[in-house]
Amino acid sequence: MSPLWTFVAWLATLAFFAPVAWMVLTSFHQEADAATNPPTPFAPLTFDQYELLFSRDITPFLLNSVMASVLSTLLVLALAVPAAYALSIKPVEKWTDVMFFFLSTKFLPAIAALLPVYLIVKDAGMLDNVWTLVVLYTAMNLPIAVWMMRSFLAEVPKEILEAAEVDGAGLLTVLWRVVAPVAMPGLAATSLICFIFSWNEFMFAVNLTATQASTAPVFLVGFITNEGLFLARLCAAATLVSLPVLIAGFAAQDKLVRGLSLGAVK
């Protein structure tokens with residue numbers, strides 16, 4: 001049965017990869033070729049769509065996305081690791097209630113909070129500001145990060161921590177020199193997931209930004225119009241916007257797999 005399951009796994013992989021490959025291929029076609037029905041996969045290739053993207057100055061949108069995603073991910077890790085440490089390795093009283101409180105913050109649909117968030121941001125004079133997105137993305141991803149890091153830190157051997165405390169290590173030293181190296185796969189998985197969620201977030205970005213702080217997803221919708229052809233340009237923009245996430249996932253793929261499967265085989 002092993003060759004059969006291998007064949008099935010390859011089919012599933014190709015099925016998931018086919019839309020991505022088609023998007024990349026379409027991005028190298030002219031608009032007239034991309035809009036044909038049936039499609040013409042062997043149409044002449046061109047870089048015109050990518051030249052158009054940079055002529056429309058996509059760079060500020062990408063920089064805003066990088067700033068909002070990276071800074072929010074760093075803030076999430078800085079807050080989630082001590083919280084997860086207190087909930088797993090050194091559990092506080094009624095830690096299950098605390099975990100439920102973190103989870104309950106995700107019960108409210110984001111669209112229901114849009115109006116009050118908009119009014120608060122407007123009164124604070126923070127509309128069209130990247131730091132507004134940093135704070136919002138941190139608040140959105142923190143509950144997920146605490147839950148993930150709590151499960152990862154629960155796998156850290158207590159004997160290592162006890163040995164470090166016997167040697168006189170303080171809390172910060174234990175977190176930095178003992179817990180962080182052991183939980184590095186979990187940190188990589190958590191940070192990558194938070195980065196992806198922040199990078200792909202659209203609703204708050206499109207409603208709270210205008211010209212100075214718009215992110216890459218907001219730039220994408222600018223190609224969708226009621227007139228003219230836009231499929232090839234949209235595919236080129238989507239390919240370019242997807243590259244940072246793909247590069248980050250490829251760079252951390254070994255730690256990501258270990259982190260997501262941590263504790264699965266017990």
- Counting distance only, does the side-chain N/O of T138 pair as donor-acceptor with the main-chain N or O of L75 below 3.5 Å? no
- Task: Establish, from distance only, whether the side-chain atoms of Y137 and S69 form a donor-acceptor pair under 3.5 Å.
- Result: no
- Query: What is the distance from atom OG1 of T215 to atom CZ of F202, rounded to the nearest 0.5 Å?
  - Reply: 8.0 Å
- Any link between V117 and L115 through a network of hydrophobic side chains (Ile, Leu, Val, Met, Phe, Trp, Tyr) touching at under 4.5 Å? yes
- Message: For K106, I'd like to know if atom NZ has over 12 heavy atoms of other residues, nucleotides or ligands within 6.0 Å.
- Response: yes
- Item | Heavy-atom side-chain proximity of V241 to W199 below 4.5 angstrom | yes
- Parallel, tilted or perpendicular: rings of F28 and F47 (30°, 60°): perpendicular
- Item | Non-hydrogen side-chain atoms of L208 and L136 separated by less than 4.5 Å | yes
- Query: Are any side-chain N or O atoms of S198 and backbone N or O atoms of F195, one a donor and one an acceptor, separated by less than 3.5 Å?
  - Reply: no
- Note on the structure: Rounded to the nearest 0.5 angstrom, the CG-CE distance for L87 and M149 is 11.5 Å
- Of all heavy-atom pairs between A164 and V174, which one has the smallest distance, and what is that distance? CB-CG2, 4.3 Å
- Note on the structure: Rounded to the nearest 0.5 Å, the OG1 atom of T132 sits from the CD1 atom of I120 at a distance of 11.5 Å
- Taking every non-hydrogen atom, the tightest pair across M203 and I111: SD-CD1, 3.5 Å
- Indicate, with yes or no, if V182 and L153 share a hydrophobic cluster defined by side-chain heavy-atom contacts under 4.5 Å among Ile, Leu, Val, Met, Phe, Trp and Tyr. yes
- Query: Is there a side chain to side chain contact (heavy atoms under 4.5 Å, CB included) between L62 and F219 once you walk through the steps?
  - Reply: CA-CA 9 Å; L62 293 175; F219 178 82; over 6 Å; no
- For atom CZ of F197, decide whether the heavy atoms of other residues, nucleotides or ligands shown that lie under 6.0 angstrom number more than 12. no
- Do the side chains of H29 and L45 get nearer than 4.5 Å, heavy atoms only? yes
- Task: Find out if a path of hydrophobic residues (ILVMFWY) with successive side-chain heavy-atom gaps under 4.5 Å connects F107 to L142.
- Result: yes
- Query: How far does CG of L53 sit from CD1 of I58, to the nearest 0.5 angstrom?
  - Reply: 5.0 Å
- Task: Tell me, with the steps shown, if S55 and L52 meet side chain to side chain contact (heavy atoms under 4.5 Å, CB included).
- Result: CA-CA 5 Å; S55 68; L52 177 64; 3.6 Å; yes
- Query: Is there a side-chain contact between F152 and L187 (heavy atoms, below 4.5 Å)?
  - Reply: no
- Once you round to the nearest 0.5 Å, how far does CD of Q49 lie from CG of L231? 9.5 Å
- Message: Any non-hydrogen side-chain atom of S214 less than 4.5 Å from a side-chain atom of P60?
- Response: no
- Flag the pair D97 / F101 as yes when at least one side-chain heavy-atom distance between them is below 4.5 Å, and no otherwise. no
- Message: For the backbone of T73 and the side chain of N141, can you confirm whether one donor and one acceptor N or O come within less than 3.5 Å of each other?
- Response: no
- Looking only at heavy atoms, which two atoms of A84 and S88 are closest? And how far apart? O-OG, 2.6 Å
- Query: Are side-chain heavy atoms of F61 and L220 found at a separation under 4.5 Å?
  - Reply: no
- Task: Would you confirm whether S27, through its side chain, and V24, through its main-chain N or O, come within 3.5 Å as a donor-acceptor pair?
- Result: yes
- Item | 4.5 Å side-chain heavy-atom contact, D48 and E31 | no
- Message: Rounded at 0.5 Å granularity, tell me how far CD in E201 sits from CE in M140.
- Response: 5.0 Å
- Given the rule that I, L, V, M, F, W and Y join up when any side-chain heavy atoms are under 4.5 Å apart, are I196 and L133 in one cluster? no
- More than 12 heavy atoms from other groups under 6.0 Å of CH2 on W131: no
- Task: Please check if L114 and V134 belong to a single hydrophobic cluster, counting links between Ile, Leu, Val, Met, Phe, Trp and Tyr side chain heavy atoms closer than 4.5 Å.
- Result: yes
- Is there a donor-acceptor pair closer than 3.5 Å between any side-chain N or O of T26 and the backbone N or O of A34? no
- Item | Any donor-acceptor pair under 3.5 Å from N64 side chain to V130 backbone | no
